[in-house]
Every structure is written in C-alpha cells, then in structure tokens.
Amino acid sequence: MAFVDSLLQNCHSLSHIKQLHAHLTTTGLFPFHRSKLLDRCATSPSLSLLPYAAFVFRHTPSPSTNDYNAIIRGLALTPTPTRALTCYLHMSRAPTTTTRPDALTCSFALKACARALALPEAAQIHSQVTRFGFGLDALLQTTLLDVYAKAGDLDGARKVFEEMTSRRDIASWNALIAGLAQGNRPSEALEMFKRAGSEGLRANEVTVLGALSACSQLGATREGEKIWEYVRGEGLDLNVQVCNAAIDMYAKCGFVDKAYQIFERVCRKSLVTWNTMIMALAMHGDGRRAMELFEEMGRFGVCPDSVSYLAALCACNHAGLVDEGFRLFNSMAGRGVSPNVKHYGSVVDLLGRAGRLEDAFEIVRSMPVVPDVVLWQTLLGACKTYGNADMAEQVSRKLVEMGSNSCGDFVLLSNVYAALERWGDVGRVREAMKNRDIKKIPGFSYTEVEGVVHKFLNGDQSHPSWREIYRKLEEVRFRIEAYGYVPETNYVLHDIGQEDKENALCYHSEKLAVAFGLISISDRASIQVIKNLRICGDCHTVIKLISKIYEREIIVRDRARFHRFKQGSCSCRDYW
DNA sequence: GTAGGGTTAG
C-alpha cells in the first residue's frame, strides 16, 4: 500500500496517472485506491489533472464519501468554487450509508464558501455541521470561523469563536485575529491579540502577521514595536512574511527608515518584500528611491509584477515624476505585464494632477478595460483642481450612470461650480443630493498618545478632553489668523452659512487629533495622525501653520500618503 | 486494505 502511495506522490503528469490507474485496474486494486487517486488529481497544483478526476468520478457507479471529498476539495480550489457546493448539495441530498458527508466534506465545502464569499451557504453548512454532531471538532469550528470572517460576517465569526471556549487553540485565535484585521476592524484584532497573550497563548508567526497588519492600519506604533521585539526574541524574523508585515507596519506608522533597515536585513527577499518597500517609499513621497528600488529588484533577479508597477507608478504620482511615470506605464506591456484598471487609474491621476486633463481623458477613452468608479473620481478630482467645469460635468454624468451615490462626487462637482461662482449650478447639485440616498463616508482620525490610540470623528465631542481640545483649536485659530489664514470654505459640504462652514471646517477630525496632540504630547515631540480619507485642503494649510507656530513636526497619514509637516511646509510640497 | 481538514504579508 505504501508503495502505491509513494507512486501516487510522484505522479505529476496525466500520462503517469493514467499508467497507474491502468495498473491498479488490471490488478484489481483500483477500488482501494480510487479516492487517493481522485484527491491527487483534483488537487494538482495547476488544476491540470482535475478534469481527469472529474471524469473518473463521473464513471464511478457509487462514489464513497472519500471520493466526494476529493472532488469537493478540488473544485473548491478552482476559480469557480460554487461547483464544489453544487457537488456537496448533490451528496447531502442523496445520503446513503457510504456517502454521508463527514467532517472533511464539511471542511472542504466551507473552504469553497470562503472563496466564493457565500455567506448564506456557509450558514447552512454551519447548521448541518451542528446537526451531524461535529460541534466539538476544533479544526472544523476554526474553518467555520474563518469562513464567516472572510465572507464578511465578523460578528458571526466572533460568535463561533466564543462558543468554542476550551477547545480553541492558537489557530482559532489566529483565524479570528487575521479575520478582524482584514475585515477592517483592526482595534478589535489588537484587542484579541492582547487577550490571547493574557490567556497564556504563545503567538506564532501567523498570529503576529495578523497583529502587525492591525498595527499598520491603526498606526499603532507602540504596539507594533512591542510585537516586533517579540518577533525578534522568538526568532520569528527568519520568516519573510513576518518581515514583510513588519516593513509595512513601520512604514505605515511613519518610520520609513526603520522599515528600510528591516528590508535591508531580509536575506531572502520575496517579490512581496520588494513591493512592500517600494510602496512604503511611495507613500512617503520618496519617488526617487522607490524608482531606484524598482530598478534594483530586476538586478536581483526578481521580476516586477503588476503590484510592483502599481507601487512604482504610485511613487511617481506622489513625487510628481510625471514623465518618468508615464514612460513606466508605457513600458509595462512590453515587459509582459498588462495594465489593469488600477494602473490606468494611476496614470490618469498622474496626468490629471499635473494638469494634463485632456491627455488623461484620452487615456480613459482609449483604454481597453472598463474604467471603474475610482478612476472617474480621480479624474473628477483633477477637474476640480484645475477648474474644468465641462469635463467635470461629463465625468459626473459617468459617475451617476455608474450608480455612484458618494457624497464626495457631488461635492467635487459643486466645488467646481462654486470656484467659478456658478451658484445656480451649485444649487442644482445640492438639490440633486437631497433627492438621492447619498452616502457620506464619515471622516475619522487616529492619534497615539503614550501607547493609547485615540479616535476622533468630525465635530466629535465624545472624547473625555473634548473641551480642552476645542479650546486649543480656538487658540490655534487665533494664532494662525495672525499669519493671514483665511478658511477655505469650499471644502465644506453642506448648504450652510459662512460662519457655520468655518466651524464645520474647524472641527475636522484631523484638526481635533492634532489639537489633542498639542495638549497631550510633551514639548517638541512629533504628533502623528492617521486619517481614513484624504486630508482636506484647509486642514493641510492649517497644519502647515501649526507646525511653524508651535514648532512641532506633525505627521499625517491620509488615505493615499504621508504628509510630514515641518516649519510651515509639507513633505508633499503641496502636490497631492 | 484507505490519507486527507483549520490560521499566513504587499
């Protein structure tokens, strides 16, 4: 038997499999090895042997549970994982003593749900899992938890986790921590990470990957550093993935030099290592070094992929390297990487920001992939910057056609009109906004003070020190007005009076966070803020002035990049 | 006469 197993292990081609199949058939041993053969074929890395498995399966008169398992497992790995669910359904509808789903069947079917983001189906299998009596199977419960998280039901995932109580192990924690981190709930991910520690679990490389990712998102420097120390202490820094996550964490917490130190010391850099570092430099506006690294990776025998190009384009964007970026974009196809919608979006941004609106629009017109909402929004932003109302109207129409109901799109258009003093049109846009179900993504900012992350919403008054913060902002306002500051009220969204507009601007979340930093972070130490959206023009102006008047370095990470404010100017050189 | 399932970076 072991002999057949090892033969099977060494079958890599269809002809080998067929030979083995023929041999087993002639010796009458095939029925004893069928499931293994099916599994081997169904899970062949390139999917090339799956059709053969399906063929053999179809010609099996009464397939066993194991035969089904092999096929479901294989189908779950294909680009169309729902086929695995169809097969599972077929199996569970006609149960016999020999074909009853077992824990593995459920596990493979759940994998398919995770890949297909099929939440209702996952819930259905969940109830079957319970009915079949697999409720105590820790591995299966972890799979279940993972599916809920991946399919977007994080509360469902938490519930499964809490119900596992004593049976959960480090992998269950990992699934939850990673799920929360990837599901945009990084604070909860960190909470769970800390809880795992306090419950005596020993974090492994997977645990720290999830936790580091959460720190990246939150800009939680203190926690990130602690994790990195732990990683080094445990020797987990031999793991490339962990190093990549740490590079990303340091870069996103504002310490691009520290990120680079780690990058340099990774001896077996993977493609992701290079991409992460290039993206890090791009975010920090260091376009030159990013491009150098991009060139260098080729010399190290690492071939740039579509993410590398995106990172490099992004670097050109933020550094204003318009011609270089455009050249890079045009060279992609020749080097075997065909641009996707993100690359097109990036080059449209590059040209649009540089004021080459017609060139940007021409790219959109001629591109072979369908432009997405983000791309149109990028172009609309450029129209706003350069006051091109005609193009803004065309682009807005596209956005409306695509069903965009984002507040920002309408505001941009309205601001284009406002800048041209076309108040009638401004009113028309505002009217259109009232008649639609407009979605406004609430802006918020984080700042870390003594290891604690504080979160602020626009106009937030829920922070314990909010009165002091607002008082500080009054003072700031008074002092910056002496420098000739005038609020840029066209960034304000709603139809409100001038004074209210100014107030609404005054209390943008990033300003609250900076003010909180001013009152709570000791003299001279820099203030770090992370914002979920792009920083607004008024905040940018105000923070520049604050950095000068209060002699503070202020570092703001917005949705797109870092802004490092020092002595009255910003590292983005006002190009953003 | 039968192995195989959970968590993983840009």
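Fair warning: this is a prediction, and the values are worked out from it, not measured in the lab. Chain naming here is simple, since letters A, B, ... match the order of the sequence lines and numbering starts at 1 in each.
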Novice: Rounded to whole angstrom units, what separation is found between the CZ atom of A/R73 and the C1' atom of B/dA3?
Specialist: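 Interatomic distance, CZ of A/R73 to C1' of B/dA3: 9 Å.
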
Novice: In a table with atom names and distances, give each donor-acceptor pair under 3.5 Å that connects a side chain of residues 130-139 of chain A to protein atoms at least two apart or in another chain.
Specialist:
from	atom 1	to	atom 2	distance (Å)
A/T130	OG1	A/H126	O	3.0
A/D137	OD1	A/L139	N	3.1
A/D137	OD1	A/L140	N	3.1

Novice: Name the orientation class of the two ring planes belonging to A/F326 and A/F329 (parallel below 30°, tilted from 30 to 60°, perpendicular beyond 60°).
Specialist: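 Judged by the thresholds at 30° and 60°, the geometry between A/F326 and A/F329 is parallel.
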
Novice: Do A/R289 and A/Y260 meet the cation-pi criteria used here (NZ or CZ under 6.0 Å from the six-membered ring centre, within 45° of the axis)?
Specialist: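 Because its charged atom sits under 6.0 Å from the ring centre and within 45° of the axis, A/R289 does stack over A/Y260.
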
Novice: Of the nucleotides B/dA9, B/dG6, B/dA3, which one has an atom closest to the side chain of A/Q182?
Specialist: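 From the listed options, B/dA9 comes nearest.
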
Novice: Give the nucleotide from the list B/dT7, B/dT2, B/dG6 with an atom nearest to the side chain of A/S172.
Specialist: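 Taking heavy atoms from C-beta onward, the closest nucleotide is B/dG6.
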
Novice: In residues 230-247 of chain A, which residues come under 4.0 Å of DNA chain B by heavy atom?
Specialist: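 Those residues whose heavy atoms fall under 4.0 Å from DNA chain B, taken from residues 230-247 of chain A in numerical order, are A/Q241, A/N244.
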
Novice: Given B/dG6, B/dT7, B/dG4, which nucleotide is nearest the side-chain atoms of A/L104?
Specialist: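 Nearest to the side chain of A/L104 among the choices is B/dG4.
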
Novice: Taking the side chain of A/A178 as heavy atoms from C-beta outward, which of B/dG5, B/dT8, B/dA9 is closest to it?
Specialist: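 Shortest atom-to-atom distance from the side chain points to B/dT8.
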
Novice: Report the nucleotide, chosen from B/dG1, B/dG5, B/dA3, that has the shortest atom-to-atom distance to any side-chain atom of A/D39.
Specialist: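 Among B/dG1, B/dG5, B/dA3, the one nearest the side chain of A/D39 is B/dA3.
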
Novice: Among B/dA3, B/dG6, B/dT7, which is the nearest nucleotide to the side chain of A/S35?
Specialist: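 Of the candidates, B/dA3 comes closest.
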
Novice: Output the rounded distance in Å from CG (A/L145) to P (B/dT7).
Specialist: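 One finds 10 Å between P of B/dT7 and CG of A/L145, rounded.
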
Novice: What's A/T276 touching, base or sugar-phosphate or nothing? Going by heavy atoms closer than 4.0 Å.
Specialist: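 If one applies the 4.0 Å heavy-atom cut-off, A/T276 turns out to touch the sugar-phosphate alone, with no base involved.
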
Novice: Would you say A/K150 reaches B/dT8's phosphate, i.e. side-chain N/O to OP1/OP2 under 4.0 Å?
Specialist: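 Yes, because at least one side-chain N or O of A/K150 sits under 4.0 Å from OP1 or OP2 of B/dT8.
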
Novice: Hey, are A/R195 and A/E199 close enough for a salt bridge, meaning a charged N less than 4.0 Å from a carboxylate O?
Specialist: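 A/E199 and A/R195: salt-bridged.
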
Novice: When all nucleic acid strands are considered with a 4.0 Å heavy-atom cut-off, which category describes A/N69: base, sugar-phosphate, or nothing?
Specialist: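 The residue A/N69 makes base contact.
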
Novice: Would you say the side chain of A/N66 lies within less than 4.5 Å of the side chain of A/N69, judging by non-hydrogen atoms?
Specialist: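 When only atoms from C-beta onward are counted, A/N66 and A/N69 do touch, with a gap below 4.5 Å.
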
Novice: To the side chain of A/V206, which of B/dT2, B/dA9, B/dT8 is closest?
Specialist: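 Given the options B/dT2, B/dA9, B/dT8, the side chain of A/V206 is closest to B/dT8.
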
Novice: What is the distance from CG of A/D248 to P of B/dA9, rounded to the nearest Å?
Specialist: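 These atoms are roughly 11 Å apart.
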
Novice: Just to confirm, is there a sub-4.0 Å distance from OP1 or OP2 of B/dA3 to any side-chain nitrogen or oxygen of A/Q9?
Specialist: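 False: A/Q9 side-chain N/O out of range (4.0 Å or more) of B/dA3 OP1/OP2.
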
Novice: Between the base of B/dG6 and the side chain of A/D169, is there a donor-acceptor distance below 3.5 Å?
Specialist: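 By the distance-only test, yes, there is a pair.
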
Novice: In whole angstrom, what separates A/I177's CD1 from B/dG6's P?
Specialist: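 From A/I177 CD1 to B/dG6 P: 19 Å.
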
Novice: Is any side-chain N or O of A/T142 under 3.5 Å from a base N or O of B/dG6, one able to act as donor and the other as acceptor?
Specialist: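 For A/T142, whose side chain was compared with the base of B/dG6, there is a donor-acceptor pair (under 3.5 Å).
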
Novice: How many Å lie between CG on A/L201 and P on B/dT7, as a whole number?
Specialist: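 Those two atoms, CG and P, are 17 Å apart.
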
Novice: Does any N or O donor sit under 3.5 Å from an N or O acceptor when you compare the side chain of A/N66 with the base of B/dG4?
Specialist: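 Yes, a donor-acceptor pair under 3.5 Å.
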
Novice: Compare all side-chain heavy atoms of A/D248 with those of A/N244 and state whether any distance is below 4.5 angstrom.
Specialist: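 Side chain of A/D248 against side chain of A/N244, heavy atoms only: no contact under 4.5 Å found.
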
Novice: Any chance the rings of A/F263 and A/W274 have centres within less than 6.0 Å?
Specialist: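 Yes, close enough.
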
Novice: Of the options B/dG6, B/dA3, B/dG1, whose atoms approach the side-chain atoms of A/H33 most closely?
Specialist: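 The listed nucleotide nearest to A/H33's side chain is B/dG1.
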
Novice: Give the rounded distance in Å between these two atoms: CH2 of A/W274 and C1' of B/dA9.
Specialist: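 In whole Å, B/dA9 C1' lies 17 Å from A/W274 CH2.
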
Novice: Please state how far atom CG in A/L75 lies from atom P in B/dG4, giving the value in whole angstrom units.
Specialist: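 A/L75 atom CG is separated from B/dG4 atom P by 21 Å.
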
Novice: Select base, sugar-phosphate, or nothing to describe what A/D67 touches, counting heavy atoms under 4.0 Å on all strands.
Specialist: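 No contact.
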
Novice: For the pair A/E292 and A/R288, evaluate salt bridge (Lys or Arg N to Asp or Glu O under 4.0 Å) and give the outcome as yes or no after the intermediate values.
Specialist: CA-CA 6 Å; A/E292 278 166 26; A/R288 285 273 156 244; over 6 Å; no

Novice: Holding to side-chain hydrogen bond (donor to acceptor under 3.5 Å, both in side chains), I want the full list of residues that pass it with A/H563, two or more places apart in sequence or in another chain.
Specialist: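 Scan of A/H563 (side-chain hydrogen bond (donor to acceptor under 3.5 Å, both in side chains), adjacent residues dropped) gives A/H540, A/D558.
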
Novice: Whole-Å distance between B/dA3 C1' and A/Y68 OH?
Specialist: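 It works out to 20 Å between those atoms.
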
